[in-house]
Each structure stands twice: as C-alpha cells, then as structure tokens.
Amino acid sequence: EDQVTQSPEALRLQEGESSSLNCSYTVSGLRGLFWYRQDPGKGPEFLFTLYSAGEEKEKERLKATLTKKESFLHITAPKPEDSATYLCAASILTGGGNKLTFGTGTQLKVEL
Amino acid sequence: SQTIHQWPATLVQPVGSPLSLECTVEGTSNPNLYWYRQAAGRGLQLLFYSVGIGQISSEVPQNLSASRPQDRQFILSSKKLLLSDSGFYLCAWRPGRENEKLFFGSGTQLSVL
C-alpha cells in the first residue's frame with residue numbers, strides 16, 4: 001500500500017533555530033513530491049514540487065530536497081511567521097491518472 | 001489569473017439534514033476538480049475527482065456524492081448527514097495536464113451535531 005509518513009508530528013523552535021522536517025514515502029512509481037504550507041482554518045498553499053532524487057528547490061528560508069525514499073524540508077533561521085502545518089504529498093500514477101497521497105503533516109511553531 | 005472560490009466557510013448542521021457545498025474556479029477552462037476531507041490529526045483524504053462535466057470518480061464509499069453541472073463548478077452533497085461527516089472540506093483544482101500541482105480553496109469547516 002502506498003504510504004506517506006511525516007515526522008515529527010509537531011516541532012517547536014526558537015526564532016533563528018534551524019531544523020528539518022521529514023517526509024518518507026513508500027510508493028510504487030513516484031511521479032513527483034509536493035510540499036504545501038497550511039495555516040489554521042485555511043486551504044494548503046503550494047510550496048515546491050520535486051521530481052527526481054537529488055533535486056533541490058529553495059524559497060526564502062525554505063529548502064526542499066528529495067532522495068529515493070524521503071524528502072526533507074529544511075528551515076533556516078525560522079521566524080514566527082513560518083509557524084504553520086507543513087504537508088507533503090506523493091504523486092503516484094494509477095489507472096485513473098496521477099493521484100496525490102498526503103502525509104498527516106508537521107505542525108511547526110516558531111517562538112520569539 | 002486563476003482563482004478558486006469555496007463556500008460557506010463554516011457550517012453547523014444537525015444529523016439527518018442535507019448538505020450542499022459549492023466550489024467554482026475562475027480564469028481557466030476544463031480543470032480537473034477535487035473534493036478532499038481533512039480530519040484532525042489525519043492527512044487529506046480524496047473523496048471525489050472530476051476530469052470533465054458530468055464525470056465523477058469516487059475514491060471511497062460514503063454518505064456523500066459529488067456533481068459537476070458546469071465546467072468550473074463542483075458540488076459536494078449529502079441527503080442525510082451523519083456525525084462522522086464532520087470535518088474540514090477542501091475543494092481543489094489543477095490544469096488538465098498530468099502531474100501539475102493542486103490549488104486549494106479556503107475550505108469549509110462542517111460540524112454535524
């Protein structure tokens with residue numbers, strides 16, 4: 001069965017304290033790995049897509065990387081406004097087309 | 001530019017009452033449309049998707065149904081709500097091309113009491 005697992009479930013950081021979020025996947029035929037940010041009571045907002053092992057993408061304080069088994073979202077010198085839930089999703093080719101399987105997310109809290 | 005509208009933002013309904021959530025997309029044509037449900041502590045669960053008018057695929061058997069009466073309109077319905085239907089419902093769209101990112105609406109928080 002295709003699975004996407006995120007860890008940790010929750011993470012509390014001090015402002016400026018860098019860390020990484022993990023997304024491990026067990027899927028057959030990965031077509032892409034997506035990262036989203038979700039604020040409370042809102043829909044997820046797209047951050048990155050990674051397509052092949054070794055690929056990296058950056059946006060401000062965030063950098064996403066991909067290996068054959070997992071993806072990391074590195075947060076460098078986070079600020080309180082980076083507090084949110086971060087979701088990853090694996091795109092898998094099925095008989096009905098590409099399907100996104102989401103992890104349960106990492107809830108990040110950045111404190112002053 | 002493309003935008004997605006989803007309403008209402010919050011809804012409190014009694015058990016056994018009907019449900020209708022609406023989602024519309026502007027600025028694009030022939031999008032793929034999706035309904036997801038997000039329960040506390042769980043990932044987004046795909047409920048329905050549609051690749052065209054009148055074409056609906058259901059991912060899980062449940063008390064809900066979906067319809068696509070127009071190209072950019074997607075409706076989630078129920079004839080009789082259950083307590084277990086409570087959750088955060090998200091509409092999403094993406095271009096018809098494969099493997100593109102999803103764009104999500106702002107969500108509807110449904111509480112069935």
Side-chain angles (χ1 to χ4, degrees), chain A residues 1-10 21 23-27 29-52 55 57 59 64 66 71 84-107, chain B residues 1-11 21 23-25 30-52 55-60 74 87-111:
Chain A
E1 183 184 347
D2 297 319
Q3 276 195 328
V4 176
T5 304
Q6 291 188 247
S7 61
E9 290 185 10
L21 313 182
C23 171
S24 62
Y25 57 91
T26 308
V27 301
L30 181 74
R31 301 294 303 279
L33 193 292
F34 296 77
W35 281 98
Y36 285 84
R37 170 192 168 126
Q38 186 175 23
D39 292 304
K42 297 188 177 180
E45 178 185 336
F46 172 77
L47 293 174
F48 305 108
T49 309
L50 302 165
Y51 292 105
S52 56
E55 189 175 0
K57 289 194 176 172
K59 180 181 179 180
L66 182 66
S71 178
T85 296
Y86 291 86
L87 300 169
C88 72
S91 178
I92 308 153
L93 180 61
T94 69
N98 282 336
K99 175 184 173 182
L100 274 184
T101 298
F102 281 84
T104 52
T106 293
Q107 190 172 358
Chain B
S1 63
Q2 302 92 354
T3 56
I4 179 170
H5 302 281
Q6 185 181 344
W7 67 92
T10 59
L11 192 59
L21 302 181
C23 171
T24 59
V25 181
N30 198 31
N32 289 350
L33 296 172
Y34 303 81
W35 279 111
Y36 282 87
R37 178 168 57 202
Q38 187 175 33
R42 302 184 66 179
L44 274 71
Q45 180 187 35
L46 179 62
L47 302 176
F48 301 95
Y49 68 93
S50 171
V51 298
Q55 300 178 60
I56 308 294
S57 296
S58 174
E59 285 292 302
V60 291
F74 206 23
F88 191 52
Y89 288 82
L90 288 158
C91 180
W93 77 275
R94 70 178 177 192
R97 298 183 300 278
E98 292 287 348
N99 218 27
E100 289 284 336
K101 58 182 176 280
L102 281 176
F103 298 90
F104 286 89
S106 53
T108 295
Q109 183 65 53
L110 172 66
S111 299

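Just so it is clear, the values below take in all heavy atoms, side chains as well, and ignore hydrogens, waters and symmetry mates. Note on naming: letters A, B, ... go to the chains in the order of the sequence lines (proteins, then strands), and numbering restarts at 1 for each one.
No donor-acceptor pair closer than 3.5 Å links the side chain of B:Glu59 to the backbone N or O of B:Leu46.
For B:Leu44, the parts lying near chain A are the backbone and the side chain together; criterion is any non-hydrogen pair under 4.5 Å. For a residue to count as touching a neighbouring chain, one of its non-hydrogen atoms must lie under 4.5 Å from one of that chain's; by this rule B:Ile4 does not touch chain A. Within the 4.5 angstrom heavy-atom criterion, only side-chain atoms of A:Leu87, from C-beta onward, approach chain B. Heavy atoms of A:Gln6 lying under 4.5 Å from chain B are absent altogether. Of the two parts of B:Gln45, neither the backbone nor the side chain holds a non-hydrogen atom closer than 4.5 Å to a non-hydrogen atom of chain A.
Among all heavy-atom pairs drawn from A:Ala84 and A:Asp39, the shortest one is CB-OD1, 3.6 Å. In terms of heavy-atom proximity, A:Trp35 sits nearest to A:Ala64 at CD1-CB, 3.9 Å. Shortest non-hydrogen contact noted between A:Lys59 and A:Phe46 is NZ-O, 4.4 Å.
When the candidates A:Gly103, A:Gly43, A:Gly105 are compared by the number of heavy-atom contacts under 4.5 Å with chain B, A:Gly43 comes out ahead.
A centroid separation of 6.0 Å or more is found between the aromatic rings of B:Phe48 and B:Phe74.
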